[in-house]
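The next block holds one structure in the form of structure tokens; read it before the comments.
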Amino acid sequence: MFDLDEEATIDLTPLIDVVFMLLVFFILTASFSKPVLDIVLPKAEEGVPDAEHGRELVISIKKDGTMHHEGKEISKDDLPAVLDTMPGALLNLHVDEKAPFDAFVNVVDQAKTKRGGRFVISTQSSASGEAL
């Protein structure tokens with residue numbers, strides 16, 4: 001049945017294949033774990049604050065979908081002119097939680113067009129009831 005004179009051999013080819021695949025996997029994983037962009041930010045030697053830094057342009061959207069600026073109701077057609085009034089000021093949106101979504105989207109679309117998408121959405125603290 002068995003020839004006892006033959007030497008027993010182990011085929012190392014599958015083992016070498018597995019080791020090679022693991023090596024390739026770890027090399028590729030290590031190469032993708034590096035940051036994609038090395039960004040070096042410049043340091044300011046003399047900072048000059050923006051003249052309108054503390055100013056805000058506040059637009060409120062009430063639960064019935066009406067928009068307000070400085071206590072006055074504004075329409076969709078008036079919104080671009082209001083956004084152009086203070087171009088350097090921070091646009092701050094106060095939106096009621098029950099406001100219609102399309103009113104909010106309209107203001108966001110105009111903010112993207114007029115302000116390059118730079119605006120903030122204020123939230124309200126649930127514990128104190130004050131705007132954050």
Side-chain angles (χ1 to χ4, degrees):
M1 258 199 192
F2 294 107
D3 188 9
L4 297 176
D5 293 336
E6 282 187 34
E7 270 186 54
T9 59
I10 298 175
D11 187 16
L12 295 178
T13 306
L15 179 65
I16 293 171
D17 288 344
V18 169
V19 169
F20 179 74
M21 293 302 290
L22 286 172
L23 182 67
V24 168
F25 173 78
F26 287 119
I27 289 173
L28 287 175
T29 304
S31 69
F32 286 123
S33 66
K34 295 178 185 174
V36 177
L37 296 174
D38 292 327
I39 299 174
V40 178
L41 299 175
K43 295 183 181 177
E45 294 182 20
E46 292 183 31
V48 178
D50 188 11
E52 296 182 330
H53 180 68
R55 297 176 56 193
E56 282 187 342
L57 175 66
V58 178
I59 295 179
S60 301
I61 302 175
K62 304 295 180 193
K63 65 181 175 182
D64 60 355
T66 58
M67 293 179 281
H68 296 269
H69 171 63
E70 295 180 350
K72 299 175 190 170
E73 186 174 339
I74 58 174
S75 66
K76 283 184 183 182
D77 299 330
D78 298 334
L79 185 60
V82 170
L83 291 175
D84 288 337
T85 57
M86 296 189 310
L90 176 68
L91 175 60
N92 193 345
L93 300 177
H94 291 230
V95 184
D96 191 283
E97 64 183 16
K98 295 190 181 356
F101 190 68
D102 60 337
F104 170 71
V105 169
N106 181 40
V107 175
V108 169
D109 284 342
Q110 291 292 329
K112 280 200 265 185
T113 303
K114 295 286 184 181
R115 302 261 175 161
R118 293 184 308 264
F119 60 90
V120 295
I121 302 169
S122 293
T123 59
Q124 191 171 31
S125 173
S126 59
S128 65
E130 61 187 56
L132 297 177

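Just so you know, residue 1 is the first one in the sequence shown, and it goes up from there.
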Provide the closest heavy-atom pair for Ile74 versus His68 in the form atom of the first, atom of the second, distance. CG1-N, 4.3 Å
Scan residues 59-69 for pairs that pass salt bridge (Lys or Arg N to Asp or Glu O under 4.0 Å), counting only residues two or more places apart or in two chains. none
What is the minimum heavy-atom distance between Leu83 and Ala111, and which atoms define it? CD1-N, 4.1 Å
Counting only pairs under 3.5 Å, give me each side-chain donor-acceptor contact of residues 101-110, with atom names and distances, residues two or more places apart or in other chains.
none

Assess whether side chain to side chain contact (heavy atoms under 4.5 Å, CB included) is satisfied between His69 and Leu57, documenting all intermediate values. CA-CA 8 Å; His69 171 63; Leu57 175 66; 3.0 Å; yes
Those residues at least two apart in sequence (or on a different chain) that pass ring-ring contact (aromatic ring centres under 6.0 Å, His included) with Phe25 are none
Please answer: with hydrophobic residues joined when any side-chain heavy atoms are less than 4.5 Å apart, are Leu91 and Val58 in the same cluster? no
Measure across Val95 and Ala99 and return the closest heavy-atom pair with its distance rounded to 0.1 Å. CG1-CB, 3.9 Å
Distance (rounded to the nearest 0.5 Å) between His94 NE2 and Ile121 CD1: 11.0 Å
Show every salt bridge (Lys or Arg N to Asp or Glu O under 4.0 Å) that has at least one partner inside residues 75-87, sequence neighbours left out. Asp84-Lys114
Only counting residues at least two apart or in another chain, list the ones meeting side-chain contact (heavy atoms from CB on, under 4.5 Å) with Leu22. Val18, Phe26
Solution key, residues 7-17 side-chain donor-acceptor pairs under 3.5 Å, sequence neighbours excluded:
from  : atom 1 : to    : atom 2 : distance (Å)
Asp11 : OD1    : Thr13 : N      : 3.4
Asp11 : OD1    : Thr13 : OG1    : 3.1

